[in-house]
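One structure below.
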Amino acid sequence: MSSIQHQFTVHFWGVRGSIACPGAETVRYGGNTPCVEMRVGGTRLIFDGGTGLRVLGQSLLSQMPVEAYMFFTHSHWDHIQGFPFFVPAFVKGNRFHVYGAVAPNSSTIEQRLNDQMLHPNFPVPLQIMGAQLSFNDLEIGKTVEIGDIVVETALLNHPGEAVGYRVNWKGYAAAYITDTEHFPDRLDENVAWLARNADVMIYDATYTDEEYYSKTTSKEGWGHSTWQEAVKVAKAAKVKKLVIFHHDPLHNDDFLDRVGEEAAQQFPNCVMAREGLSIQLIPPSEDNHNEASDSSSVKEAKVSA
C-alpha cells in the first residue's frame, strides 16, 4: 500500500436517503443515512452527517486526536441526524471545521445543528461538545482550499437548496452530488460542471425512471433523481467511475442488485454505494509501484466498517 500522504480514498459509512432503515432486507447495502469520508493526502474530509456519521465516529475513537473538515450538503434530517451521536465531537483535543451554506431562511449551519440539539428535540445541547468546533458559512459557487486540496461547490436543484461538492487533489477529482433533481429537458449545468472528467462521481439516484414518472405515485418535485439520469450525466461529463447513491429506504437488497445490474449494462464502470465500500484513487507512479494492471484505474475494495 502507498503511504497515507499519497492516498485519495473515498469511504462510505451511510448510503440511504430519507430515513434509516435497518433490517434483514438491507443488510448487504446498509440502512444508515448519508455520510461519506474522503482521506486526501492525509487530510480527512467528511461529507454529510446522517446516521452513518455515528458509525464513522466509533471507528475514529482508536485514532484520536482527530481533525476533520465536515461539509454539509443541506440540513434535511437524514443529512444531520447523526451529528448529535458523533462521539469524537464530545472529546477534548479533537478539532472539526464545519462547512455549510446559509439556508434560504438565513439560518447558518451552526444554528441548524444547534437547533436540532435543543429541548425538546435532544437531551444535551451542542455546547456540551468538548471538541473544538469552528463553523464556516459557505458561499455557493466559491472554492474552499485546504492546503493543496481544492473543494469546489455548486447549487443543486433541491427543495430548500443543497450544495454539491467536487474535491480536487493532484489532478484527481471526486464529485459528491446528492439531493438533486434532474431537469426534464436538459442536463443540469451545475451537476455537469461538478462531474466534469471526475475520477469518481457519487450521484443521487433515489428512484428509477418508472418510479419518478409514475402516473399514480409520481416523485417529480421531490428533489431527487434516478439511476438512468446518473448514467446520462456520467456519460456526458466523461466520468470514469459512477457510484449510485442515496438509496430509497423502500429499495431492499434484491431491488438494488437489479438496479446495479441494469446500470452496469449502460455504464460498465458503475457500482452501487454500500456501507463499507472503499474506492481508492492512486497516482500512476504509486499504482505502477504496486504492480497494478492499469495505472489510470480507480481501485475499489470492500473493507470492514
Side-chain angles (χ1 to χ4, degrees), residues 1-17 29-30 32-50 52-53 55-57 59-60 63 68-73 79 82 99 144 146-153 163-179 191 194-205 230 233-234 237 239-247 260 263 267 269-283 286-287 290 292 294 296-305:
M1 293 294 291
S2 57
S3 67
I4 194 169
Q5 287 76 22
H6 294 91
Q7 292 184 13
F8 188 158
T9 304
V10 182
H11 190 90
F12 295 82
W13 297 95
V15 302
R16 291 281 168 176
Y29 289 92
N32 282 301
T33 54
C35 182
V36 173
E37 177 192 21
M38 297 188 192
R39 297 299 304 276
V40 188
T43 299
R44 176 177 279 108
L45 311 181
I46 300 172
F47 292 87
D48 280 328
L53 181 64
V55 187
L56 169 57
S59 77
L60 294 178
Q63 304 176 43
Y69 296 80
M70 305 181 71
F71 293 86
F72 287 87
T73 54
H79 292 255
Y99 294 82
V144 176
I146 305 169
D148 58 352
I149 303 168
V150 177
V151 182
E152 296 175 296
T153 64
V163 185
Y165 295 98
R166 176 188 173 97
V167 179
N168 303 279
W169 183 69
K170 295 187 181 299
Y172 287 77
Y176 180 67
I177 306 169
T178 190
D179 288 62
V191 168
L194 289 171
R196 67 193 187 279
N197 302 308
D199 295 282
V200 174
M201 179 183 74
I202 303 161
Y203 186 85
D204 174 356
V233 173
V239 168
K240 294 182 178 67
K241 191 178 197 72
L242 167 63
V243 182
I244 302 295
F245 184 73
H246 204 275
H247 308 315
F267 194 87
N269 202 3
C270 171
V271 297
M272 303 294 289
R274 62 184 184 275
E275 291 178 30
L277 173 68
S278 184
I279 297 173
Q280 186 174 33
L281 285 65
I282 302 178
E286 294 291 331
D287 211 22
N290 286 285
D294 182 356
S296 64
S297 67
V298 179
K299 290 190 172 181
E300 175 190 335
K302 185 174 182 180
V303 300
S304 173

Using side-chain hydrogen bond (donor to acceptor under 3.5 Å, both in side chains) as the criterion, list what pairs up with Y165, not counting sequence neighbours. none
CD-SG distance between E275 and C35, expressed to the nearest 0.5 angstrom: 10.0 Å
Can any side-chain N or O of D48 pair as donor or acceptor with the backbone N or O of F72 at less than 3.5 Å? no
To the nearest 0.5 angstrom, please state how far the CE atom of M272 sits from the CG atom of L242. 9.5 Å
How about L281 and V200: do any of their side-chain heavy atoms sit closer than 4.5 Å? yes
For D148, the side-chain hydrogen bond (donor to acceptor under 3.5 Å, both in side chains) test, sequence neighbours excluded, returns W169
At their closest point, which heavy atom of H11 faces which heavy atom of S278, and how far apart are they? ND1-CB, 3.6 Å
Would you check if the side chain of E37 reaches a backbone N or O of V10 as a donor-acceptor pair within less than 3.5 Å? no
Can you label the angle between the Y176 ring and the F245 ring as parallel, tilted or perpendicular, going by 30° and 60°? perpendicular
Residue list, ring pair (Phe, Tyr, Trp, His ring centres under 6.0 Å) with Y69, at least two apart or on another chain: H97
What is the minimum heavy-atom distance between L194 and T153, and which atoms define it? CD2-C, 4.2 Å
State which residues pass salt bridge (Lys or Arg N to Asp or Glu O under 4.0 Å) with E152; sequence neighbours excluded, sorted by chain then number. R166, R196
Could you list the residues that satisfy side-chain hydrogen bond (donor to acceptor under 3.5 Å, both in side chains) with R39, not counting sequence neighbours? none
Between P34 and H246, is there a side-chain heavy-atom distance shorter than 4.5 Å? yes
Value for CZ (F8) from CG (N168), rounded to nearest 0.5 Å, stands at 7.5 Å
Checking side-chain contact (heavy atoms from CB on, under 4.5 Å) for the pair Y203/V239: CA distance, chi angles, key distance, verdict? CA-CA 11 Å; Y203 186 85; V239 168; over 6 Å; no
Is there a side-chain contact between I279 and T9 (heavy atoms, below 4.5 Å)? no
Which heavy atom of M201 sits nearest a heavy atom of A230, and at what distance? CE-O, 3.8 Å
Expected output: side-chain D204 to main-chain T178 donor-acceptor under 3.5 Å: no
Taking every non-hydrogen atom, the tightest pair across G171 and D199: O-OD2, 4.2 Å
Candidate pair V36 and I46, rule side-chain contact (heavy atoms from CB on, under 4.5 Å), full reasoning: CA-CA 6 Å; V36 173; I46 300 172; over 6 Å; no
Show your reasoning for whether side-chain contact (heavy atoms from CB on, under 4.5 Å) applies to W13 and L53. CA-CA 7 Å; W13 297 95; L53 181 64; over 6 Å; no
Sorted by chain and number, sequence neighbours left out, side-chain hydrogen bond (donor to acceptor under 3.5 Å, both in side chains) with T33 holds for T51, Q81
Out of curiosity, L45 CG to Y99 OH, how far, rounded to the nearest 0.5 Å? 9.5 Å
Give the intermediate values and the outcome of side-chain contact (heavy atoms from CB on, under 4.5 Å) for residues I146 and T43. CA-CA 9 Å; I146 305 169; T43 299; 4.2 Å; yes
CD1-NZ distance between I202 and K241, expressed to the nearest 0.5 angstrom: 11.5 Å
List the atom of G52, the atom of N32, and the distance in Å for their closest heavy-atom pair. N-CB, 3.7 Å
Kindly give the heavy-atom pair with the smallest separation between R16 and Y29, and that separation in Å. NH2-CB, 4.1 Å
Does any part of the side chain of L60, heavy atoms only, come nearer than 4.5 Å to the side chain of R44, both counted from C-beta? yes
